[in-house]
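For reference, the structure discussed in these notes is given below.
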There are 2 protein chains.
Amino acid sequence: MNQSIICPRFEKAISLLSQRWTALVIYQLLSGPQRFGTIQSSIAISGRVLSERLKDLEQQGIVKRDVIPETPVRIEYSLTEKGFSLEPILKEIEKWSQSWVETERIEK
Amino acid sequence: MNQSIICPRFEKAISLLSQRWTALVIYQLLSGPQRFGTIQSSIAISGRVLSERLKDLEQQGIVKRDVIPETPVRIEYSLTEKGFSLEPILKEIEKWSQSWVETERIEK
DNA sequence: ATAATAACTTACATAAAGTAACTAAACAAA
DNA sequence: TTTGTTTAGTTACTTTATGTAAGTTATTAT
């Protein structure tokens with residue numbers, strides 16, 4: 001048996017990025033701070049899950065949540081340094097998708 | 001609303017890589033052709049899901065399945081060119097994990 | 001004939017995600 | 001003062017995905 005143990009850091013990174021929507025939320029925030037509703041309408045995520053993901057990401061130090069006392073109150077989500085450090089990964093995925101993913105007309 | 005539409009190719013790539021275990025299966029195959037049981041024991045995936053993933057990946061042209069008529073019959077899974085082209089993404093994730101993921105002693 | 005092994009598959013249980021209605025806070029309008 | 005708006009969520013319930021463990025098929029060994 002090829003028991004080449006996979007590095008736990010790598011596994012942890014993979015499990016972060018394999019969570020549904022997580023990569024898209026981060027990608028979306030790469031273009032600047034955004035509020036809940038904006039993120040939600042830019043990707044097809046439900047409020048229930050977006051709320052969950054943002055809490056996770058905040059706790060992992062990838063996203064920062066700022067309350068802006070305007071009226072009505074605005075809440076802005078943005079990437080931390082750790083969050084921005086994921087950019088090269090997302091750019092690689094983007095690059096790959098340009099060369100290897102075909103667009104289909106009738107897509108589920 | 002910031003309706004910056006996300007590129008469908010990119011979304012498709014993300015949804016591929018966000019499927020649980022998919023990235024790890026590909027990562028595992030980067031080190032060479034492997035059989036079902038080897039993949040299964042190298043990561044914590046269940047047979048049920050591994051079987052499902054391999055079929056998906058084969059259908060997407062990322063993995064190739066070869067029947068080797070030894071005795072008992074051996075089935076080898078390997079990456080296609082498209083599969084290998086994902087390597088830079090996985091290497092970026094690996095790199096990121098080295099700088100940003102801390103190992104914890106007591107991990108779930 | 002019986003047993004062993006690899007590669008799955010099936011049936012059932014649990015966890016994650018989707019849906020839609022609801023809540024709280026902070027005003028604005030009537 | 002009551003009614004309504006908007007944002008940012010939360011809650012209850014349904015559907016889908018994944019985990020678990022037992023079963024199947026094929027091929028060879030005993």
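Predicted model, so just to flag it, every value in this text is computed and none were measured. FYI, side chains are in, hydrogens and waters are out, and symmetry mates aren't considered; it's all heavy atoms of this structure.
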Rounded distance [0.5 Å steps], CD1 in A/Ile26 versus NZ in A/Lys82: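 Between A/Ile26 CD1 and A/Lys82 NZ, I get 10.0 Å after rounding to 0.5 Å.
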
Once you round it to whole Å, what is the distance between [atom2] of [N] and [atom1] of [X]?
X       : N      : atom1 : atom2 : value
B/Glu58 : C/dA7  : CD    : P     : 15 Å
A/Trp21 : D/dA17 : CH2   : P     : 13 Å
B/Leu54 : C/dA7  : CG    : P     : 11 Å
B/Leu24 : D/dT18 : CG    : P     : 13 Å
B/Leu50 : D/dA17 : CG    : C1'   : 16 Å
A/Asp66 : D/dT7  : CG    : P     : 19 Å
B/Gln34 : C/dA6  : CD    : P     : 15 Å
B/Gln40 : D/dG19 : CD    : P     : 11 Å

5′-ward residue of the pair A/Arg20/B/Ile75 relative to DNA chain C: B/Ile75

Pair A/Glu76 + A/Arg74: basic N to acidic O under 4.0 Å: yes

Is the phosphate of [N], meaning OP1 or OP2, less than 4.0 Å from a side-chain N or O of [X]?
X       : N     : value
B/Lys55 : C/dA7 : no
A/Ser51 : D/dG9 : no
B/Arg65 : C/dC8 : yes
A/Tyr77 : D/dG9 : yes

Of the candidate nucleotides [options], which contains the atom at the shortest distance from the side chain of [X]?
X       : options              : result
A/Arg35 : D/dG9, D/dT18, D/dT7 : D/dT7
A/Glu52 : C/dA17, C/dC8, D/dG9 : C/dA17
B/Gln19 : C/dA6, D/dA8, D/dT18 : D/dT18

Residue met sooner reading DNA chain D from 5', once B/Ser18 and A/Phe36 are mapped to nucleotides: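 Result of the comparison: A/Phe36.
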
What residues, two or more places apart in sequence or in another chain, satisfy salt bridge (Lys or Arg N to Asp or Glu O under 4.0 Å) together with [X]?
X       : value
B/Glu58 : none
B/Lys55 : none
B/Glu87 : none

Which residues share a side chain to side chain contact (heavy atoms under 4.5 Å, CB included) with B/Gln19, sequence neighbours left out: B/Thr22, B/Arg53, B/Asp56

All side chain to side chain contact (heavy atoms under 4.5 Å, CB included) counterparts of A/Gln59, not counting sequence neighbours: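 A/Gln59 satisfies side chain to side chain contact (heavy atoms under 4.5 Å, CB included) with no other residue.
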
Reading 5' to 3' through nucleotides 19-28 of chain C, protein heavy-atom contacts under 4.0 Å coded B for base, S for sugar-phosphate only, - for none: B------SS-

